[in-house]
Amino acid sequence: MMAATLMQTDVPTPEDSDSSKKVWPGRWSHINKILDRRGPFCDKSFSPGHGEDILLNQCRVLVIGAGGLGCEILKNLALSGFKDIEVIDMDTIDVSNLNRQFLFRPADVGSPKAKVAAEFIMKRVAGVKVSYYHGKIQDKDDDYYLGFHLIICGLDSVEARRWINATLVNIAQDDPERIRVLIDGGTEGFKGQARVIIPTVTSCYECSLDMLNKQTAFPICTIANTPRLPEHCIEWASVIQWPKEREGEKMDTDDPTHIQWLYDVALKRAMEFNITGVTYSLTQGVVKNIIPAIASTNAIIAAACCNEAFKIVTTSQPYLNNYMMYIGNEGVYTYTFEHQKKDDCPVCGNQSAFLDVDKEITVEDFIELLKEKPTIQLKKPSLTTDTNEKIYWQSPPFFEQRTRPNLEKRLSELVKDSGTIIVTDSTLPISLNVTVSYV
Amino acid sequence: MIKIWSIKKDNSSAEKKKSKISAAQIRVQKDLTELALPDTMQMSFPDESDLLNFNLSITPDEGFYRGGVFKFTFNINNNYPHDPPKVRCTQKIYHPNIDLEGNVCLNILREDWKPVLNLNSVLVGLQYLFLEPNPEDPLNKEAAEEMRNNRKNFEYNVKQSMKGKDVKGVYFENVLS
Ligand SMILES: [Zn+2]
């Protein structure tokens with residue numbers, strides 16, 4: 001007689017998961033192996049046996065970007081036990097995304113990435129809630145971002161990352177309770193980096209802006225006179241010929257007719273100079289500054305980001321301090337180091353000061369005070385309100401003349417009690433935020 | 001060590017005192033308020049609340065271009081100082097490093113731009129273009145050739161062009177105002 005052997009598996013088949021959204025025994029046994037006992041590297045605050053509860057029931061995590069990195073991040077989070085996830089992305093799915101953005105299918109082309117990714121994860125991984133927002137990160141306010149414990153970025157835009165970084169640093173200023181950890185992943189071809197940013201505590205994204213690979217720019221005189229590469233011809237078409245022949249018209253690099261025009265112009269020039277290699281896709285690549293995305297790089301960087309998220313949230317292991325770079329061009333190389341905070345960082349380098357001043361003080365006397373006060377000692381301070389109104393600017397003369405009448409006014413006419421003044425001065429790395437109280 | 005579990009949501013909206021000024025904006029503000037503008041340069045802002053778009057005029061007090069007023073527009077994007085400012089000459093002028101469409105050949109505006117540079121560096125660079133035009137890096141090839149081969153002729157051409165006259169059939173803008 002044969003006894004039926006019951007194989008117990010942790011992972012359901014897709015059909016199972018769709019019908020049974022509930023948790024089955026051993027559902028999270030893979031993460032409990034890490035979270036049920038104390039290890040040598042655990043943080044003091046780690047308490048064995050509670051990790052699953054923390055991950056599943058308490059932690060809200062926001063994923064920004066549902067592209068190449070975002071798809072990997074969402075999948076990793078869901079399978080690591082994060083149950084409450086939100087994803088933001090403003091793009092819709094393009095057919096060219098399908099080779100690496102594996103949550104999307106041909107039928108999804110044209111649909112919002114955030115929506116399709118969220119629905120796919122919920123369908124595939126039982127018991128995970130993924131909400132989504134199809135739109136820009138700039139649409140959301142401070143309270144929205146404060147509603148998450150952790151924010152993971154898988155963006156390809158420097159501008160969007162600078163925005164979210166500045167927003168999170170701003171929120172955290174003066175109040176450690178409002179710190180929201182930012183994990184930032186980025187890839188460029190075979191290179192990538194993952195980093196942990198604790199706003200106001202560690203170096204921020206803006207601190208490292210000068211480490212970014214600069215997009216290649218060719219000298220304009222070469223483009224104009226001595227082209228040698230197909231890229232020179234394309235740049236000539238976009239930088240010199242476009243403004244000349246289509247004056248006043250804004251170039252839209254997402255408009256195929258514009259790319260076609262640039263391609264035609266560049267090709268003609270290339271033939272004149274006997275240069276080969278100008279193609280439509282190269283034209284698109286050069287004007288949009290596209291570096292081919294590599295699926296394996298995305299997978300490695302997303303894995304690193306999600307590992308950090310898991311470690312930070314569960315305190316089961318020390319987390320990255322604070323920058324890991326990966327280079328896969330020739331072999332596999334990674335290097336981890338602590339990126340230093342920059343004094344002159346315009347986002348986290350702002351110093352702040354609190355001053356009690358006479359409510360009758362004039363702007364001119366207040367400026368003298370900033371120069372004389374031993375703890376401040378500025379040379380030629382320029383003052384702006386936190387709503388971006390100029391109080392007094394030392395330069396350029398255009399603004400000096402316009403703001404000079406304010407010197408005689410009382411400061412309290414321009415800045416309300418406990419208002420903040422942004423002060424710039426050559427002796428400051430970036431700026432000083434002075435909060436005034438009138439006495 | 002951050003205890004993120006002690007983090008609770010703060011609902012006091014009275015706390016929203018922080019400025020919403022972008023990093024690019026603060027950097028431009030710092031650059032502008034610390035400028036030491038020589039008498040030969042003037043800046044104006046068509047929209048005073050917009051620091052990212054402004055005009056510059058240069059009135060060189062020596063060199064080939066003495067006496068002219070040369071006008072430029074500056075256009076700074078929200079990725080400053082990662083991206084350099086875009087600078088164009090708004091007049092049609094005869095200059096080896098500026099073409100007839102107003103493109104300016106100055107290395108720090110393109111291939112040699114770095115975030116540690118600032119608006120002052122760009123102004124110094126532009127000023128220098130009028131004091132020492134560089135025929136080795138030409139954008140206007142004819143002007144550059146003339147300057148290399150016959151400085152007297154070049155000087156004459158510059159003077160003619162600045163009066164709004166033609167140089168070899170090309171009419172330039174009168175900049176002697
Ligand atoms: Zn910083």
Side-chain angles (χ1 to χ4, degrees), chain A residues 43 45 54 58 142-143 146-147 149-150 158-159 162-163 166 170-171 173 175 177-181 198 201 206 209-210 212 214 217-221 224-225 239-240 243-244 312-313 346-347 350 382 384 386-388 393-399 402 418-420 422 424-426 430-431 433, chain B residues 1-11 13 15-27 29-30 32-37 41-45 48-49 54 77-79 81-82 84 88 97 99-107 109-116 137-139 141:
Chain A
D43 186 70
S45 61
I54 288 174
Q58 293 183 37
D142 291 0
D143 286 341
L146 279 167
H149 296 100
L150 198 70
V158 172
E159 203 175 327
R162 286 178 74 185
W163 188 88
N170 213 4
I171 290 176
Q173 217 114 54
D175 185 0
E177 298 247 308
R178 289 158 66 97
I179 288 174
R180 297 296 181 267
V181 178
I198 302 171
V201 177
E206 191 82 19
L209 208 57
D210 51 6
L212 285 178
K214 223 167 42 121
F218 304 104
I220 195 160
C221 348
N225 299 311
V239 176
I240 297 182
K244 193 167 169 178
I312 289 169
V313 168
V347 170
N350 299 312
S382 294
T384 312
D386 59 1
T387 50
N388 217 359
W393 279 26
Q394 308 269 359
S395 183
F398 181 90
F399 285 128
R402 273 166 179 69
S418 66
T420 299
I422 298 160
T424 49
D425 185 90
S426 56
I430 183 79
S431 71
N433 297 340
Chain B
M1 171 59 63
I2 302 289
K3 290 195 229 100
I4 67 164
W5 298 109
S6 69
I7 295 171
K8 55 177 190 293
K9 192 170 168 178
D10 187 343
N11 288 319
S13 39
E15 275 294 303
K16 283 182 190 160
K17 62 181 166 67
K18 287 296 165 215
S19 59
K20 271 287 176 193
I21 304 173
S22 72
Q25 189 92 20
I26 291 188
R27 212 355 246 279
Q29 193 162 314
K30 181 174 170 65
L32 285 175
T33 54
E34 290 169 21
L35 277 179
L37 275 188
M41 287 191 188
Q42 239 131 46
M43 243 176 196
S44 66
F45 294 76
E48 292 186 22
S49 63
F54 55 87
N77 70 20
N78 259 314
N79 240 349
H82 182 56
R88 286 186 88 83
N97 309 109
D99 71 13
L100 304 183
E101 278 70 44
N103 293 302
V104 181
C105 183
L106 183 62
N107 61 339
L109 286 176
R110 277 180 74 82
E111 69 275 14
D112 291 331
W113 172 257
K114 292 178 192 67
V116 293
D137 259 353
L139 257 192
K141 266 198 282 191

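Letters A, B, ... are given to chains in the order of the sequence lines, protein chains preceding strands, and every chain is numbered from 1.
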* Return the option, out of B/Leu100, B/Asn97, B/Asn107, B/Asp137, with the maximum number of heavy-atom pairs under 4.5 Å with chain A. => B/Asp137
* To do: Flag the one option from A/Val158, A/Thr384, A/Asn225 with the top tally of heavy-atom pairs under 4.5 Å to chain B.
  => A/Asn225
* Asked: Got more than 12 heavy atoms from elsewhere within 6.0 Å of CD, B/Glu101?
  -> yes
* Measure from the side-chain N and O atoms of A/Ser395 to the backbone N and O of B/Leu35, and report whether any donor-acceptor pair falls under 3.5 Å. => yes
* With a 4.5 Å cut-off on heavy-atom pairs, point out which of B/Arg88, B/Gln42, B/Gln29 contacts chain A the most. => B/Gln29
* Where is the tightest heavy-atom contact between A/Phe398 and B/Glu48, given as atom of each residue plus distance? -> CE2-CG, 3.9 Å
* **Atom group of A/Glu206 that falls short of 4.5 Å from chain B, counting heavy atoms** => side chain
* Asked: When heavy-atom pairs shorter than 4.5 Å are enumerated against chain B, which of A/Pro346, A/Ser431, A/Ala166 gives the highest number?
  -> A/Pro346
* **side chain to side chain contact (heavy atoms under 4.5 Å, CB included) between A/Asn388 and B/Gln25, intermediate numbers included** => CA-CA 10 Å; A/Asn388 217 359; B/Gln25 189 92 20; 3.7 Å; yes
* Report the option among A/Arg162, A/Lys244, A/Glu159, A/Gln394 that has the most heavy-atom pairs separated by less than 4.5 Å from atoms of chain B. => A/Arg162
* Inter-residue atom distance A/Asp210.CG - B/His82.NE2, 0.5 Å rounding -> 10.0 Å
* Structure fact -> From the list A/Ala224, A/Pro243, A/Cys221, A/Ser382, the residue making the most non-hydrogen contacts under 4.5 Å with chain B is A/Cys221
* Asked: Closest heavy-atom contact between A/Ile240 and B/Asp99?
  -> CG2-OD2, 4.4 Å
* Which atoms of B/Asn79 approach chain A - backbone, side chain, both or neither, heavy atom under 4.5 Å -> both
* **Distance, nearest 0.5 Å, that separates CD1 of A/Ile220 from CG of B/Asn103** => 4.5 Å
* To do: Select one option (side chain, backbone, both, neither) describing which atoms of A/Pro219 are under 4.5 Å from chain B's heavy atoms.
  => both
* Asked: Closest approach of A/Pro396 and B/Leu37, non-hydrogen atoms and distance?
  -> CB-CD1, 4.1 Å
* Structure fact -> Heavy-atom nearest pair, A/Thr424 first then B/Thr33, reads OG1-OG1, 2.9 Å
* Structure fact -> Nearest heavy-atom approach of A/Val347 to B/Ala23 is CG2-CB, 3.7 Å
* Taking C-beta and beyond as the side chain, do A/Ile430 and B/Lys30 meet within less than 4.5 Å on heavy atoms? -> yes
